[in-house]
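Below you'll find the structure, written out as structure tokens, and then a few comments.
Treat the numbers as computed from the prediction; the structure is a model and nothing was measured. Within every chain, numbering begins at 1; the chains are lettered A, B, ... in the order of the sequence lines, protein sequences first and strands thereafter.
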Amino acid sequence: MNMIKTVKGTTDILAPEVLLWQRVEGVLASTAKAYGYEELRTPTIEVQELFSVSVGQTTDIVEREMYSFPDKKGRHLVLRPEGTAPACRAYVEHQLNVQPSPSKFFYMGSFFRYEQPQSGRKREFHSFGVEAIGEQSHLQDAEVIDLVFTMLSRLGLTGLSVDVNSIGDASCRPQYKELLQASLKTHEDKLCDDCKRRLMENPLRVLDCKREDPQLLASLPKSVDFLCDECRTHHALLLSALDSLHIPYRQNSRLVRGLDYYTKTVFEVLSEDLGAQSALLGGGRYDYLVRQLGGPQTPAVGWGLGMERLIAIVAAHSPDLAASLPPLRIYVVHSDTATTAAFELRRRLVESGVAVDIDVRSDSFGKQLARASRRGARYAIIIGDDESSRGTVTVKDLSTGTQETLESDGLAEYLDGRSR
RNA sequence: GUGGGUGUAGCUCAACUGGUUAGAGUACCGGACUGUGGAUCCGGUUGUUGGGAGUCCGAAUCUCCUCACCCACCCCA
């Protein structure tokens with residue numbers, strides 16, 4: 001078929017499914033607000049430099065996955081590939097460090113990466129994330145993780161746990177990196193081709209490789225064993241806070257993240273229901289990012305989750321939420337001469353907060369009622385010649401078939417009494 | 001970027017080994033039934049068989065190219 005279609009890796013979200021999106025987005029946003037986070041909306045386009053200095057020049061995201069283009073003045077722009085760097089850019093740009101600390105944000109929206117689409121991975125995908133900027137305490141790490149579990153619980157998802165690790169900071173990671181590199185060099189001949197390349201550029205990522213021999217990986221030095229005092233204390237306090245809060249976590253010494261800005265705490269929530277793209281949520285601490293972007297030294301922690309992946313899990317695990325009730329739907333059926341009266345009736349009802357659909361085709365009542373029931377209406381309001389001349393309406397309950405005639409002035413109240 | 005799988009009405013699928021005008025269910029529209037719906041019956045619309053080239057008397061079917069989707073690698077949310 002020769003028709004214009006969605007761009008590869010993008011999709012339309014249509015009627016039944018979009019209801020689930022609205023509901024899930026509502027739960028996420030309201031929970032974040034209840035935890036004291038405020039919504040932050042940043043632009044979809046940013047200058048390319050924002051991500052090369054923050055996410056990292058050698059990461060895949062920056063090297064080959066960004067949608068980048070020059071604008072008409074030759075500026076190097078990109079469609080945002082992730083949400084943390086823009087949040088920090090906004091924090092620095094608006095000097096939010098003068099506001100009470102920490103600044104706590106949540107965001108939701110579209111992000112873009114030029115990748116081969118597969119299950120749980122689109123070129124335009126949707127993220128929800130939170131960022132707490134300006135607090136170094138381990139309890140801030142604990143709070144953002146606690147928020148995750150409150151959200152998951154409100155969505156009816158149980159049985160998930162978070163993988164946690166610490167990858168150190170500027171005072172201990174360089175030494176660990178060297179140690180790991182040295183250890184990897186003694187096994188270089190056994191590494192896969194990708195890991196040979198990673199060995200020089202980003203040795204931590206070898207730990208994440210699924211192709212390597214598990215025994216070999218287990219024998220490598222672990223970052224948690226080489227933390228400086230400050231990082232070790234932070235990590236230990238975080239774990240004990242998670243214990244006290246009964247948050248299910250696993251220590252995973254192989255957990256590293258693909259973005260360069262992380263320090264100390266890193267974490268992920270994985271799900272078996274997601275196929276190969278099993279990461280539902282990922283995040284961590286990024287204590288140097290604000291400074292890198294030109295702000296004052298400011299510790300921060302946050303996470304982002306993939307909406308497509310969350311929706312898939314909710315649909316599989318929480319069918320009652322997935323099969324959300326259709327809205328109470330009222331359908332106005334009218335005769336030719338009552339068109340104006342029908343439109344005015346709807347206007348009054350909508351102003352009083354009742355959702356009303358109207359059939360603009362004033363053909364036979366049988367036709368209109370048939371359309372009303374096919375569209376899932378609970379009630380039909382019939383306003384024909386008789387009703388419009390008397391100032392009444394007939395309300396028919398389409399599930400029981402019963403109907404009664406009442407004064408049109410009392411209609412809003414009547415429906416309100418029945419809507420729940 | 002690399003591999004594997006799949007492309008036929010809006011949806012679910014047929015169509016023998018290559019053989020007339022590509023069918024059925026469902027959906028949609030209309031009628032029986034112009035002041036009362038979901039049922040039933042009758043009728044109707046729906047396709048460049050993803051697109052292009054080739055082989056052949058003849059292609060949805062075989063070959064090649066291309067595009068899209070699905071899955072996986074890679075990477076990540």
Given RNA chain B, 5'-ward residue of the pair A:Leu274 and A:Phe365, judged by closest heavy atom: A:Phe365
Sugar-phosphate, base or nothing in reach of A:Gly401, heavy atoms under 4.0 Å: base
Atom-pair distance (CZ on A:Arg371; C1' on B:C29), nearest Å: 11 Å
Nearest-angstrom distance from the residue atom CZ of A:Arg205 to C1' of B:C74: 10 Å
Touch class at under 4.0 angstrom, heavy-atom based, for A:Gly304 against every strand present: sugar-phosphate
B:G37 OP1/OP2 closer than 4.0 Å to side-chain N/O of A:Arg375: no
Distance test, side-chain N/O of A:Lys367 to OP1/OP2 of B:U36, below 4.0 Å: no
Integer-rounded Å distance: B:U26 P and A:Arg374 CZ: 15 Å
Side-chain heavy-atom pair A:Arg348, A:Leu411 within 4.5 angstrom cut-off: no
A:Ser335 side-chain N/O to B:G35 phosphate OP1/OP2 under 4.0 Å: no
Between B:A77 (P) and A:Leu305 (CG): distance, integer Å: 11 Å
A:Gln118 CD - B:C71 P separation (whole Å): 7 Å
Nucleotide B:G7, atom P - distance to NZ of A:Lys5 in whole Å: 15 Å
Touch class at under 4.0 angstrom, heavy-atom based, for A:Gly129 against every strand present: nothing
Partner nucleotide, any strand, of B:C57 [Watson-Crick/G-U, under 3.5 Å]: B:G19
Sugar-phosphate only, base, or nothing, as touched by A:Gly9 at under 4.0 Å among non-hydrogen atoms: sugar-phosphate
Name of the residue among A:Tyr37, A:Phe128, A:Tyr35, A:Trp303 meeting ring pair (Phe, Tyr, Trp, His ring centres under 6.0 Å) with A:Phe106: A:Phe128
Candidates B:G35, B:G37, B:C74 - which lies nearest the side chain of A:Ile382: B:G35
N/O (side chain, A:Arg257) to phosphate O (OP1/OP2, B:A77) under 4.0 Å: yes
Interatomic distance, A:Ile381 CD1 vs B:U36 P [rounded to whole Å]: 19 Å
Residue-phosphate contact under 4.0 Å: A:Arg64 side-chain N/O, B:C76 OP1/OP2: no
Rounded distance (Å) that lies between atom C1' of B:A68 and atom CD of A:Gln116: 11 Å
